[in-house]
Chemist: 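Handing you this structure, nothing more for now.
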Amino acid sequence: MEGAPPVDAGKQGKHVPGHPNNLLGKLQWADGQNGVEFTQQAWQNGTVVKPDGTVKIWKNGIMRIKVRKDGKGNLHGYPVD
């Protein structure tokens, strides 16, 4: 998505069913979704919830998405409801 930071595939993969990095205890995207576009939209449109600005939450009309920005400037996100 234009203007949004890149998504870290490994960290995002922890929340993607079928991805090699998937961790079953983590909140998951729906089967067939990797959440990359939602994650970038959440970063651009979300509300800061951590004082250092590294975590945002966004409700897109379908779900709430939590997105984190790491020290390298990469994002990863996941649905929270």
Side-chain angles (χ1 to χ4, degrees):
M1 170 172 270
E2 189 174 327
V7 174
D8 182 301
K11 290 178 183 174
Q12 188 82 1
K14 293 177 184 179
H15 306 278
V16 178
H19 189 281
N21 291 355
N22 183 257
L23 296 174
L24 293 177
K26 300 277 185 180
L27 294 167
Q28 301 287 306
W29 292 101
D31 282 335
Q33 289 186 345
N34 63 19
V36 170
E37 187 171 332
F38 283 138
T39 295
Q40 290 177 316
Q41 288 175 344
W43 185 259
Q44 289 183 319
N45 300 304
T47 301
V48 174
V49 295
K50 190 171 179 185
D52 68 0
T54 61
V55 179
K56 294 183 179 182
I57 291 185
W58 180 55
K59 178 129 175 112
N60 69 358
I62 301 168
M63 67 184 100
R64 274 188 330 136
I65 300 161
K66 190 172 199 175
V67 61
R68 299 175 182 273
K69 190 174 192 180
D70 66 22
K72 295 178 182 177
N74 297 318
L75 305 176
H76 81 282
Y78 45 90
V80 291
D81 23 75

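These figures come from a predicted structure and were not determined experimentally. Atoms considered below: every heavy atom in the structure, side chains included; atoms not considered: hydrogens, waters and symmetry mates.
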Chemist: Looking only at heavy atoms, which two atoms of Gly53 and Val48 are closest? And how far apart?
Modeler: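 Shortest heavy-atom contact: CA-CG1, 3.8 Å.
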Chemist: Ring pair (Phe, Tyr, Trp, His ring centres under 6.0 Å) with His15: which residues, sequence neighbours excluded?
Modeler: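 Only His76, Tyr78 meet the ring pair (Phe, Tyr, Trp, His ring centres under 6.0 Å) criterion with His15.
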Chemist: With clusters built from Ile, Leu, Val, Met, Phe, Trp and Tyr whose side-chain heavy atoms come within less than 4.5 Å, directly or transitively, what are the remaining members of the cluster of Leu75, listed by chain and number?
Modeler: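 Listed partners: Val7, Val36, Trp43, Val67.
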Chemist: Out of curiosity, does Leu24 fall in the hydrophobic cluster containing Val80 (side-chain heavy atoms, cut-off under 4.5 Å, transitive links)?
Modeler: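 In one cluster: no.
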Chemist: Quick one: list whatever passes side-chain hydrogen bond (donor to acceptor under 3.5 Å, both in side chains) with Asn22, sequence neighbours left out.
Modeler: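 Asn22: side-chain hydrogen bond (donor to acceptor under 3.5 Å, both in side chains) contacts with Gln28.
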Chemist: Connecting only ILVMFWY residues whose side-chain heavy atoms lie within less than 4.5 Å of each other, what is the rest of Ile57's hydrophobic cluster?
Modeler: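 Under the 4.5 Å side-chain rule, Ile57 groups with Val49, Val55.
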Chemist: Does Asp52 have any salt bridge (charged side-chain N to carboxylate O under 4.0 Å, His left out) partners at least two apart in sequence or in another chain, and if so, which?
Modeler: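 Applying salt bridge (charged side-chain N to carboxylate O under 4.0 Å, His left out) to Asp52 gives none.
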Chemist: If you look at every heavy atom in His19 and Ala9, which pair is closest and at what distance?
Modeler: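 For His19 versus Ala9, the nearest heavy atoms are NE2-O, 3.6 Å.
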Chemist: Looking at Gln44 and Glu2, would you say the former's side chain and the latter's main chain have a donor-acceptor pair under 3.5 Å?
Modeler: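 Pair found, side chain donor or acceptor close to backbone of Glu2.
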Chemist: Quick one: side-chain contact (heavy atoms from CB on, under 4.5 Å) partners of Gln41, sequence neighbours excluded?
Modeler: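 Checked Gln41 against side-chain contact (heavy atoms from CB on, under 4.5 Å); matches are Met1, Glu37, Phe38, Asn45, Trp58.
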Chemist: Identify, with sequence neighbours excluded, every residue that meets side-chain hydrogen bond (donor to acceptor under 3.5 Å, both in side chains) alongside Gln12.
Modeler: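 For Gln12 the side-chain hydrogen bond (donor to acceptor under 3.5 Å, both in side chains) partners, ignoring immediate neighbours, are Thr39.
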Chemist: Show every salt bridge (Lys or Arg N to Asp or Glu O under 4.0 Å) that has at least one partner inside residues 71-81, sequence neighbours left out.
Modeler: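 Counting only pairs at least two positions apart or across chains, the salt bridge (Lys or Arg N to Asp or Glu O under 4.0 Å) contacts touching residues 71-81 are Arg64-Asp81.
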Chemist: What salt bridge (Lys or Arg N to Asp or Glu O under 4.0 Å) pairs are there with at least one residue in residues 9-34, not counting sequence neighbours?
Modeler: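 Counting only pairs at least two positions apart or across chains, the salt bridge (Lys or Arg N to Asp or Glu O under 4.0 Å) contacts touching residues 9-34 are Lys11-Asp70.
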